[in-house]
Protein chains: 2
Amino acid sequence: MKLSTKGRYGVKAMFDLAQNYGSGPIPLNSIAQRNSISEHYLEQLIAVLRKAGLVKSVRGAQGGYILSKSPEAITIGDIIRVLEGPIAPVDCVSEEEPEPCNNAEFCVTRSIWARVRDSVADVLDSITLADMLEEEKKRRDESYMYYI
Amino acid sequence: MKLSTKGRYGVKAMFDLAQNYGSGPIPLNSIAQRNSISEHYLEQLIAVLRKAGLVKSVRGAQGGYILSKSPEAITIGDIIRVLEGPIAPVDCVSEEEPEPCNNAEFCVTRSIWARVRDSVADVLDSITLADMLEEEKKRRDESYMYYI
DNA sequence: TAGAAAACCTAGTGAAATACTAGGGAATGA
DNA sequence: TCATTCCCTAGTATTTCACTAGGTTTTCTA
(Lines give C-alpha, C1' and ligand atoms only; values in the text may rest on other atoms or scores of the structure.)
Protein backbone atom coordinates (compact mmCIF):
# COMPACT_ATOMS: atom_id res chain seq x y z
CA MET A 1 0.00 0.00 0.00
CA LYS A 2 2.88 2.34 -0.72
CA LEU A 3 3.04 5.13 -3.23
CA SER A 4 6.18 5.07 -5.38
CA THR A 5 8.41 8.08 -5.91
CA LYS A 6 6.56 8.67 -9.16
CA GLY A 7 3.45 9.82 -7.35
CA ARG A 8 5.33 11.64 -4.59
CA TYR A 9 7.72 13.49 -6.88
CA GLY A 10 4.89 14.20 -9.29
CA VAL A 11 2.76 15.87 -6.62
CA LYS A 12 5.75 17.87 -5.36
CA ALA A 13 6.59 19.05 -8.87
CA MET A 14 3.00 19.99 -9.63
CA PHE A 15 2.72 21.87 -6.35
CA ASP A 16 5.92 23.72 -7.24
CA LEU A 17 4.37 24.71 -10.57
CA ALA A 18 1.25 25.84 -8.72
CA GLN A 19 3.35 28.04 -6.43
CA ASN A 20 4.88 29.60 -9.53
CA TYR A 21 1.64 29.78 -11.49
CA GLY A 22 1.47 33.03 -13.44
CA SER A 23 5.23 33.55 -13.61
CA GLY A 24 5.73 32.09 -17.05
CA PRO A 25 7.45 28.80 -17.82
CA ILE A 26 9.43 27.24 -14.97
CA PRO A 27 12.57 25.30 -15.99
CA LEU A 28 12.74 21.73 -14.77
CA ASN A 29 16.19 22.04 -13.19
CA SER A 30 14.90 24.64 -10.75
CA ILE A 31 11.97 22.40 -9.77
CA ALA A 32 14.33 19.47 -9.31
CA GLN A 33 16.72 21.50 -7.19
CA ARG A 34 14.08 23.03 -4.94
CA ASN A 35 12.63 19.60 -4.25
CA SER A 36 15.85 17.56 -4.15
CA ILE A 37 14.84 15.31 -7.02
CA SER A 38 17.11 13.91 -9.75
CA GLU A 39 16.51 16.20 -12.70
CA HIS A 40 16.82 13.47 -15.30
CA TYR A 41 14.38 11.25 -13.45
CA LEU A 42 11.88 14.07 -12.97
CA GLU A 43 12.13 14.73 -16.69
CA GLN A 44 10.67 11.29 -17.33
CA LEU A 45 7.85 11.85 -14.91
CA ILE A 46 6.89 15.26 -16.24
CA ALA A 47 6.84 13.81 -19.75
CA VAL A 48 4.00 11.58 -18.57
CA LEU A 49 2.20 14.55 -17.03
CA ARG A 50 2.63 16.48 -20.25
CA LYS A 51 1.26 13.66 -22.40
CA ALA A 52 -1.72 13.45 -20.06
CA GLY A 53 -2.36 17.17 -20.56
CA LEU A 54 -1.71 18.33 -17.00
CA VAL A 55 1.25 20.55 -17.90
CA LYS A 56 2.36 22.42 -21.02
CA SER A 57 5.97 22.82 -22.06
CA VAL A 58 7.85 25.67 -23.69
CA ARG A 59 11.01 24.62 -25.47
CA GLY A 60 14.25 26.51 -25.91
CA ALA A 61 16.08 28.99 -23.73
CA GLN A 62 13.88 30.60 -21.06
CA GLY A 63 11.52 27.70 -21.59
CA GLY A 64 10.08 25.38 -19.00
CA TYR A 65 6.76 24.02 -17.80
CA ILE A 66 3.41 25.59 -16.94
CA LEU A 67 0.27 24.08 -15.44
CA SER A 68 -2.17 23.64 -18.29
CA LYS A 69 -5.10 24.49 -16.01
CA SER A 70 -5.42 26.71 -12.95
CA PRO A 71 -4.51 25.20 -9.56
CA GLU A 72 -8.21 25.06 -8.63
CA ALA A 73 -8.87 22.75 -11.57
CA ILE A 74 -6.21 20.12 -10.80
CA THR A 75 -6.68 17.55 -8.03
CA ILE A 76 -4.11 15.29 -6.41
CA GLY A 77 -6.20 12.40 -7.72
CA ASP A 78 -5.58 13.61 -11.28
CA ILE A 79 -1.82 13.57 -10.72
CA ILE A 80 -1.70 10.22 -8.94
CA ARG A 81 -3.84 8.48 -11.54
CA VAL A 82 -1.58 9.69 -14.34
CA LEU A 83 1.64 8.62 -12.64
CA GLU A 84 0.58 5.54 -10.66
CA GLY A 85 -2.34 4.24 -12.68
CA PRO A 86 -5.94 3.80 -11.56
CA ILE A 87 -6.56 3.92 -7.82
CA ALA A 88 -7.16 0.40 -6.52
CA PRO A 89 -5.66 -1.69 -3.73
CA VAL A 90 -6.21 -4.79 -5.91
CA ASP A 91 -6.83 -5.18 -9.64
CA CYS A 92 -10.31 -6.69 -9.26
CA VAL A 93 -11.63 -3.30 -8.10
CA SER A 94 -9.66 -1.09 -10.48
CA GLU A 95 -11.41 2.15 -11.41
CA GLU A 96 -11.10 1.28 -15.08
CA GLU A 97 -11.60 -2.21 -16.51
CA PRO A 98 -11.36 -4.23 -13.29
CA GLU A 99 -9.93 -7.72 -13.77
CA PRO A 100 -12.91 -9.97 -13.16
CA CYS A 101 -12.45 -13.01 -10.91
CA ASN A 102 -14.60 -16.11 -11.08
CA ASN A 103 -16.86 -15.26 -8.13
CA ALA A 104 -16.82 -11.46 -8.02
CA GLU A 105 -20.55 -11.58 -7.24
CA PHE A 106 -20.04 -13.26 -3.88
CA CYS A 107 -16.48 -12.29 -2.96
CA VAL A 108 -16.67 -10.58 0.40
CA THR A 109 -13.02 -9.48 0.42
CA ARG A 110 -13.65 -7.69 -2.87
CA SER A 111 -16.17 -5.37 -1.26
CA ILE A 112 -13.58 -4.43 1.35
CA TRP A 113 -11.05 -3.45 -1.30
CA ALA A 114 -13.75 -1.43 -3.07
CA ARG A 115 -14.37 0.53 0.14
CA VAL A 116 -10.64 1.18 0.52
CA ARG A 117 -10.44 2.35 -3.11
CA ASP A 118 -13.36 4.73 -2.62
CA SER A 119 -12.03 6.24 0.57
CA VAL A 120 -8.62 6.86 -0.98
CA ALA A 121 -10.17 8.32 -4.13
CA ASP A 122 -12.45 10.56 -2.06
CA VAL A 123 -9.50 12.05 -0.23
CA LEU A 124 -7.32 12.53 -3.30
CA ASP A 125 -10.12 13.91 -5.47
CA SER A 126 -11.16 16.40 -2.80
CA ILE A 127 -7.77 18.14 -2.66
CA THR A 128 -6.78 20.60 -5.39
CA LEU A 129 -3.43 22.31 -5.89
CA ALA A 130 -5.19 25.53 -4.84
CA ASP A 131 -6.12 23.90 -1.53
CA MET A 132 -2.46 23.12 -1.00
CA LEU A 133 -1.47 26.71 -1.72
CA GLU A 134 -4.03 27.84 0.84
CA GLU A 135 -2.74 25.38 3.42
CA GLU A 136 0.84 26.49 2.78
CA LYS A 137 -0.14 30.13 3.27
CA LYS A 138 -1.96 29.31 6.51
CA ARG A 139 1.11 27.53 7.86
CA ARG A 140 3.41 30.39 7.01
CA ASP A 141 1.06 32.86 8.72
CA GLU A 142 0.83 30.68 11.82
CA SER A 143 4.59 30.35 11.97
CA TYR A 144 4.90 34.13 11.62
CA MET A 145 2.43 34.70 14.45
CA TYR A 146 4.42 32.33 16.60
CA TYR A 147 7.62 34.30 16.24
CA ILE A 148 6.13 37.73 17.04
CA MET B 1 -0.93 1.91 -3.99
CA LYS B 2 -1.39 -1.80 -4.49
CA LEU B 3 -1.74 -4.49 -1.88
CA SER B 4 0.52 -7.49 -2.48
CA THR B 5 -0.74 -11.07 -2.45
CA LYS B 6 0.46 -11.28 1.15
CA GLY B 7 -2.34 -9.06 2.37
CA ARG B 8 -4.93 -10.47 0.00
CA TYR B 9 -4.15 -14.11 0.67
CA GLY B 10 -3.84 -13.41 4.37
CA VAL B 11 -7.31 -11.88 4.58
CA LYS B 12 -8.76 -14.76 2.55
CA ALA B 13 -7.13 -17.34 4.80
CA MET B 14 -8.23 -15.58 7.97
CA PHE B 15 -11.78 -15.31 6.65
CA ASP B 16 -11.68 -19.03 5.87
CA LEU B 17 -10.63 -19.72 9.46
CA ALA B 18 -13.47 -17.46 10.64
CA GLN B 19 -15.96 -19.46 8.58
CA ASN B 20 -14.67 -22.60 10.25
CA TYR B 21 -14.37 -21.08 13.69
CA GLY B 22 -15.47 -23.59 16.34
CA SER B 23 -14.76 -26.68 14.22
CA GLY B 24 -11.34 -27.42 15.67
CA PRO B 25 -8.06 -26.99 13.85
CA ILE B 26 -8.27 -26.45 10.08
CA PRO B 27 -5.41 -27.93 8.03
CA LEU B 28 -3.58 -25.49 5.78
CA ASN B 29 -3.92 -27.58 2.63
CA SER B 30 -7.71 -27.31 2.79
CA ILE B 31 -7.52 -23.54 3.18
CA ALA B 32 -5.11 -23.32 0.28
CA GLN B 33 -7.32 -25.49 -1.93
CA ARG B 34 -10.57 -23.66 -1.16
CA ASN B 35 -8.95 -20.32 -1.95
CA SER B 36 -6.72 -21.40 -4.86
CA ILE B 37 -3.51 -20.38 -3.13
CA SER B 38 -0.14 -22.15 -3.29
CA GLU B 39 -0.02 -24.18 -0.08
CA HIS B 40 3.70 -23.71 0.42
CA TYR B 41 3.45 -19.97 -0.04
CA LEU B 42 0.47 -19.68 2.29
CA GLU B 43 2.51 -21.60 4.85
CA GLN B 44 4.98 -18.74 4.96
CA LEU B 45 2.26 -16.15 5.34
CA ILE B 46 0.46 -17.99 8.12
CA ALA B 47 3.76 -18.36 9.97
CA VAL B 48 3.84 -14.56 10.17
CA LEU B 49 0.24 -14.46 11.39
CA ARG B 50 1.07 -17.08 14.01
CA LYS B 51 4.13 -15.22 15.28
CA ALA B 52 1.97 -12.10 15.55
CA GLY B 53 -0.52 -14.03 17.67
CA LEU B 54 -3.49 -13.89 15.31
CA VAL B 55 -3.72 -17.67 14.83
CA LYS B 56 -2.75 -20.70 16.88
CA SER B 57 -1.40 -23.91 15.41
CA VAL B 58 -1.92 -27.54 16.38
CA ARG B 59 0.83 -29.83 15.14
CA GLY B 60 0.62 -33.44 14.08
CA ALA B 61 -2.09 -35.44 12.34
CA GLN B 62 -5.56 -33.85 12.59
CA GLY B 63 -3.76 -30.63 13.39
CA GLY B 64 -4.16 -27.28 11.68
CA TYR B 65 -4.83 -23.66 12.48
CA ILE B 66 -7.39 -21.84 14.65
CA LEU B 67 -8.09 -18.15 15.12
CA SER B 68 -6.58 -17.16 18.45
CA LYS B 69 -9.42 -14.73 19.11
CA SER B 70 -13.09 -14.71 18.10
CA PRO B 71 -13.96 -13.25 14.68
CA GLU B 72 -15.44 -10.17 16.38
CA ALA B 73 -12.04 -9.39 17.90
CA ILE B 74 -9.98 -9.47 14.71
CA THR B 75 -10.07 -6.61 12.21
CA ILE B 76 -8.82 -6.51 8.64
CA GLY B 77 -6.45 -3.78 9.78
CA ASP B 78 -4.83 -6.24 12.22
CA ILE B 79 -4.19 -8.71 9.41
CA ILE B 80 -2.93 -6.16 6.90
CA ARG B 81 -0.54 -4.54 9.37
CA VAL B 82 1.00 -7.91 10.23
CA LEU B 83 1.50 -8.97 6.62
CA GLU B 84 2.13 -5.67 4.84
CA GLY B 85 3.60 -3.53 7.61
CA PRO B 86 2.26 -0.29 9.03
CA ILE B 87 -0.39 1.45 6.98
CA ALA B 88 1.12 4.44 5.19
CA PRO B 89 1.22 5.61 1.57
CA VAL B 90 4.71 7.02 2.26
CA ASP B 91 7.23 6.34 5.02
CA CYS B 92 7.17 9.85 6.46
CA VAL B 93 3.64 9.25 7.77
CA SER B 94 4.11 5.65 8.89
CA GLU B 95 1.93 4.65 11.82
CA GLU B 96 5.00 3.61 13.78
CA GLU B 97 8.33 5.47 13.78
CA PRO B 98 7.75 7.67 10.72
CA GLU B 99 10.93 8.53 8.84
CA PRO B 100 11.37 12.20 9.54
CA CYS B 101 12.19 14.51 6.66
CA ASN B 102 13.95 17.85 7.03
CA ASN B 103 10.85 20.04 6.88
CA ALA B 104 8.05 17.79 8.13
CA GLU B 105 6.64 20.77 10.00
CA PHE B 106 5.85 22.68 6.82
CA CYS B 107 5.52 19.93 4.23
CA VAL B 108 2.06 20.27 2.70
CA THR B 109 2.22 17.03 0.73
CA ARG B 110 2.91 15.21 3.97
CA SER B 111 -0.46 16.21 5.38
CA ILE B 112 -2.13 14.78 2.31
CA TRP B 113 -0.49 11.40 2.82
CA ALA B 114 -1.51 11.50 6.46
CA ARG B 115 -5.13 11.98 5.44
CA VAL B 116 -4.88 9.05 3.02
CA ARG B 117 -3.33 6.89 5.73
CA ASP B 118 -6.11 7.75 8.17
CA SER B 119 -8.91 7.10 5.74
CA VAL B 120 -7.48 3.70 4.81
CA ALA B 121 -6.88 2.79 8.46
CA ASP B 122 -10.43 3.86 9.36
CA VAL B 123 -11.91 1.53 6.78
CA LEU B 124 -9.69 -1.44 7.60
CA ASP B 125 -10.01 -1.05 11.37
CA SER B 126 -13.79 -0.79 11.17
CA ILE B 127 -14.24 -4.21 9.54
CA THR B 128 -13.97 -7.39 11.63
CA LEU B 129 -13.99 -10.98 10.44
CA ALA B 130 -17.42 -11.25 12.08
CA ASP B 131 -18.65 -8.40 9.85
CA MET B 132 -17.47 -10.39 6.85
CA LEU B 133 -19.33 -13.51 8.02
CA GLU B 134 -22.48 -11.39 8.37
CA GLU B 135 -22.03 -9.92 4.90
CA GLU B 136 -21.45 -13.38 3.44
CA LYS B 137 -24.63 -14.67 5.07
CA LYS B 138 -26.64 -11.71 3.77
CA ARG B 139 -25.42 -12.36 0.25
CA ARG B 140 -26.29 -16.03 0.40
CA ASP B 141 -29.77 -15.21 1.67
CA GLU B 142 -30.31 -12.64 -1.06
CA SER B 143 -29.15 -15.09 -3.69
CA TYR B 144 -31.53 -17.72 -2.22
CA MET B 145 -34.45 -15.27 -2.34
CA TYR B 146 -33.64 -14.53 -5.95
CA TYR B 147 -33.95 -18.15 -6.99
CA ILE B 148 -37.30 -18.83 -5.27
C1' DT C 1 4.59 -48.86 17.48
C1' DA C 2 4.80 -47.87 12.56
C1' DG C 3 3.33 -44.60 9.59
C1' DA C 4 0.66 -41.02 7.89
C1' DA C 5 -0.64 -36.34 8.48
C1' DA C 6 0.25 -32.24 9.60
C1' DA C 7 3.09 -28.05 11.14
C1' DC C 8 7.69 -25.98 10.90
C1' DC C 9 12.11 -24.19 8.76
C1' DT C 10 15.80 -22.40 5.48
C1' DA C 11 17.30 -21.40 1.18
C1' DG C 12 17.00 -20.53 -3.67
C1' DT C 13 14.97 -18.33 -7.97
C1' DG C 14 12.84 -16.16 -12.15
C1' DA C 15 10.34 -12.16 -13.27
C1' DA C 16 9.02 -7.64 -12.62
C1' DA C 17 9.24 -3.06 -10.79
C1' DT C 18 11.85 0.79 -8.94
C1' DA C 19 14.71 4.62 -9.23
C1' DC C 20 17.60 5.97 -11.33
C1' DT C 21 22.01 7.13 -15.01
C1' DA C 22 24.01 7.77 -19.82
C1' DG C 23 24.12 10.00 -23.83
C1' DG C 24 22.48 11.93 -27.05
C1' DG C 25 19.07 15.16 -30.39
C1' DA C 26 15.89 19.22 -31.38
C1' DA C 27 13.92 23.77 -30.63
C1' DT C 28 14.44 28.58 -29.38
C1' DG C 29 15.65 33.04 -27.20
C1' DA C 30 19.58 36.52 -26.65
C1' DT D 1 25.72 31.27 -33.13
C1' DC D 2 25.39 29.26 -28.91
C1' DA D 3 23.76 28.51 -24.49
C1' DT D 4 19.60 26.98 -22.66
C1' DT D 5 16.02 24.18 -22.32
C1' DC D 6 12.93 20.38 -23.60
C1' DC D 7 12.72 15.66 -25.69
C1' DC D 8 13.84 10.66 -26.44
C1' DT D 9 15.76 5.85 -26.07
C1' DA D 10 18.29 2.64 -23.75
C1' DG D 11 20.72 0.52 -20.00
C1' DT D 12 21.30 -1.00 -15.01
C1' DA D 13 21.81 -2.03 -10.03
C1' DT D 14 18.80 -3.08 -6.41
C1' DT D 15 14.82 -4.66 -4.38
C1' DT D 16 10.50 -6.95 -4.00
C1' DC D 17 7.28 -10.50 -5.32
C1' DA D 18 5.50 -14.88 -5.51
C1' DC D 19 6.73 -18.64 -5.44
C1' DT D 20 9.38 -23.65 -5.42
C1' DA D 21 12.56 -27.18 -3.30
C1' DG D 22 13.64 -30.03 0.12
C1' DG D 23 13.84 -31.08 4.11
C1' DT D 24 12.74 -31.81 9.94
C1' DT D 25 9.65 -32.34 13.83
C1' DT D 26 5.45 -33.36 16.16
C1' DT D 27 1.37 -36.02 17.03
C1' DC D 28 -2.76 -38.73 16.08
C1' DT D 29 -4.43 -43.30 14.81
C1' DA D 30 -4.58 -48.07 13.26
Side-chain angles (χ1 to χ4, degrees), chain A residues 1-13 16-17 20 23-68 80 83-85 88-91, chain B residues 1-13 16-17 20 23-68 80 83-85 89-91 99:
Chain A
M1 288 293 286
K2 284 281 189 307
L3 225 53
S4 73
T5 54
K6 291 176 196 170
R8 286 193 285 131
Y9 291 176
V11 170
K12 283 201 170 192
D16 192 293
L17 286 177
N20 292 288
S23 313
I26 311 298
L28 197 67
N29 63 25
S30 74
I31 303 176
Q33 260 171 22
R34 275 191 296 274
N35 295 278
S36 312
I37 303 172
S38 148
E39 185 189 339
H40 231 357
Y41 185 44
L42 187 55
E43 205 178 315
Q44 289 165 45
L45 304 184
I46 207 151
V48 178
L49 293 168
R50 181 176 53 81
K51 280 164 194 162
L54 290 180
V55 300
K56 282 183 290 192
S57 64
V58 179
R59 299 185 72 167
Q62 273 60 51
Y65 292 92
I66 315 173
L67 294 184
S68 58
I80 295 295
L83 290 170
E84 305 258 351
V90 308
D91 282 335
Chain B
M1 289 293 285
K2 284 282 191 304
L3 225 53
S4 71
T5 55
K6 291 176 195 170
R8 285 192 286 131
Y9 290 176
V11 170
K12 282 201 171 192
D16 192 293
L17 286 177
N20 292 289
S23 314
I26 310 298
L28 197 69
N29 62 24
S30 74
I31 302 176
Q33 260 172 22
R34 274 192 296 274
N35 295 278
S36 313
I37 304 172
S38 149
E39 186 189 340
H40 231 356
Y41 185 44
L42 188 55
E43 204 178 314
Q44 290 164 45
L45 304 184
I46 208 151
V48 179
L49 293 168
R50 181 175 54 79
K51 281 164 194 162
L54 290 180
V55 300
K56 283 183 291 193
S57 65
V58 178
R59 297 187 72 166
Q62 272 60 51
Y65 292 91
I66 313 174
L67 294 185
S68 58
I80 295 296
L83 290 170
E84 304 258 352
V90 308
D91 283 334
E99 300 244 325

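Note that the structure is predicted; figures quoted are calculated from it, not measured. Order of the sequence lines fixes the chain letters, A, B, ..., with proteins taken first and strands second; residue numbering starts at 1 for each chain.
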| note | CD1 of A/I46 to OG of A/S57, rounded to nearest 0.5 Å, is 9.0 Å

| said: Any residue in residues 28-40 of chain B with a heavy atom nearer than 4.0 angstrom to DNA chain D? Just list them by number, or reply none. | reply: B/S38, B/H40

| query | Taking C-beta and beyond as the side chain, do B/L49 and B/Y65 meet within less than 4.5 Å on heavy atoms? | reply | no

| Which residues in residues 49-65 of chain B have at least one heavy atom lying under 4.0 Å from any atom of DNA chain D? | B/R59, B/G60, B/A61, B/Q62

| field | Value in whole Å for how far the C1' atom of D/dC7 lies from CG of A/L42 | value | 14 Å

| task | Give every residue pair that meets the side-chain hydrogen bond (donor to acceptor under 3.5 Å, both in side chains) criterion with at least one member in residues 43-56 of chain B, sequence neighbours excluded. | result | B/H40-B/E43

| query | Which value, rounded to the nearest 0.5 Å, describes the distance between A/I66 atom CD1 and A/I26 atom CD1? | reply | 8.0 Å

| Base D/dC6 to side chain A/E43, donor-acceptor N/O within 3.5 Å cut-off | no

| message | At less than 4.0 Å, is any side-chain N or O atom of B/Y9 found next to OP1 or OP2 of D/dA18? Yes or no. | response | no

| Can you check the A/I46 CD1 to C/dC20 C1' distance for me, whole Å? | 17 Å

| note | Rounded to whole Å, CG of B/D91 lies from P of C/dA19 at a distance of 11 Å

| query | Side-chain donor or acceptor of B/Q44 under 3.5 Å from a matching atom on the base of C/dC9? | reply | no

| So, is B/K6 near the phosphate of D/dA18, with a side-chain N or O under 4.0 Å from OP1 or OP2? | no

| said: Could you tell me if the side chain of B/Y9 sits less than 4.5 Å from the side chain of B/N35, heavy atoms only? | reply: no

| Does a side-chain N or O from A/S4 land closer than 4.0 Å to OP1 or OP2 of C/dA19, or not? | yes

| Any donor and acceptor pair, going by atom type alone, linking the side chain of A/E84 with main-chain N or O of A/S4 inside 3.5 Å? | yes

| remark: Here the distance between atom C1' of D/dA18 and atom CG of B/L45, to the nearest Å, is 9 Å

| said: Quick check: do B/K12 and B/I31 have side-chain heavy atoms less than 4.5 Å from each other? | reply: no

| said: I want to confirm an ordering. Mapping A/P27 and B/R8 to their closest nucleotides on DNA chain D, which one lands closer to the 5' end? | reply: A/P27

| query | Does the side chain of B/M1 come within less than 4.5 Å of B/P89's, by heavy atoms? | reply | yes

| said: Please report the distance, rounded to the nearest Å, between CG in B/L83 and P in D/dC17. | reply: 12 Å

| request: Go through the steps for A/V11 and A/L83 under the test side-chain contact (heavy atoms from CB on, under 4.5 Å), then give the verdict. | output: CA-CA 9 Å; A/V11 170; A/L83 290 170; over 6 Å; no

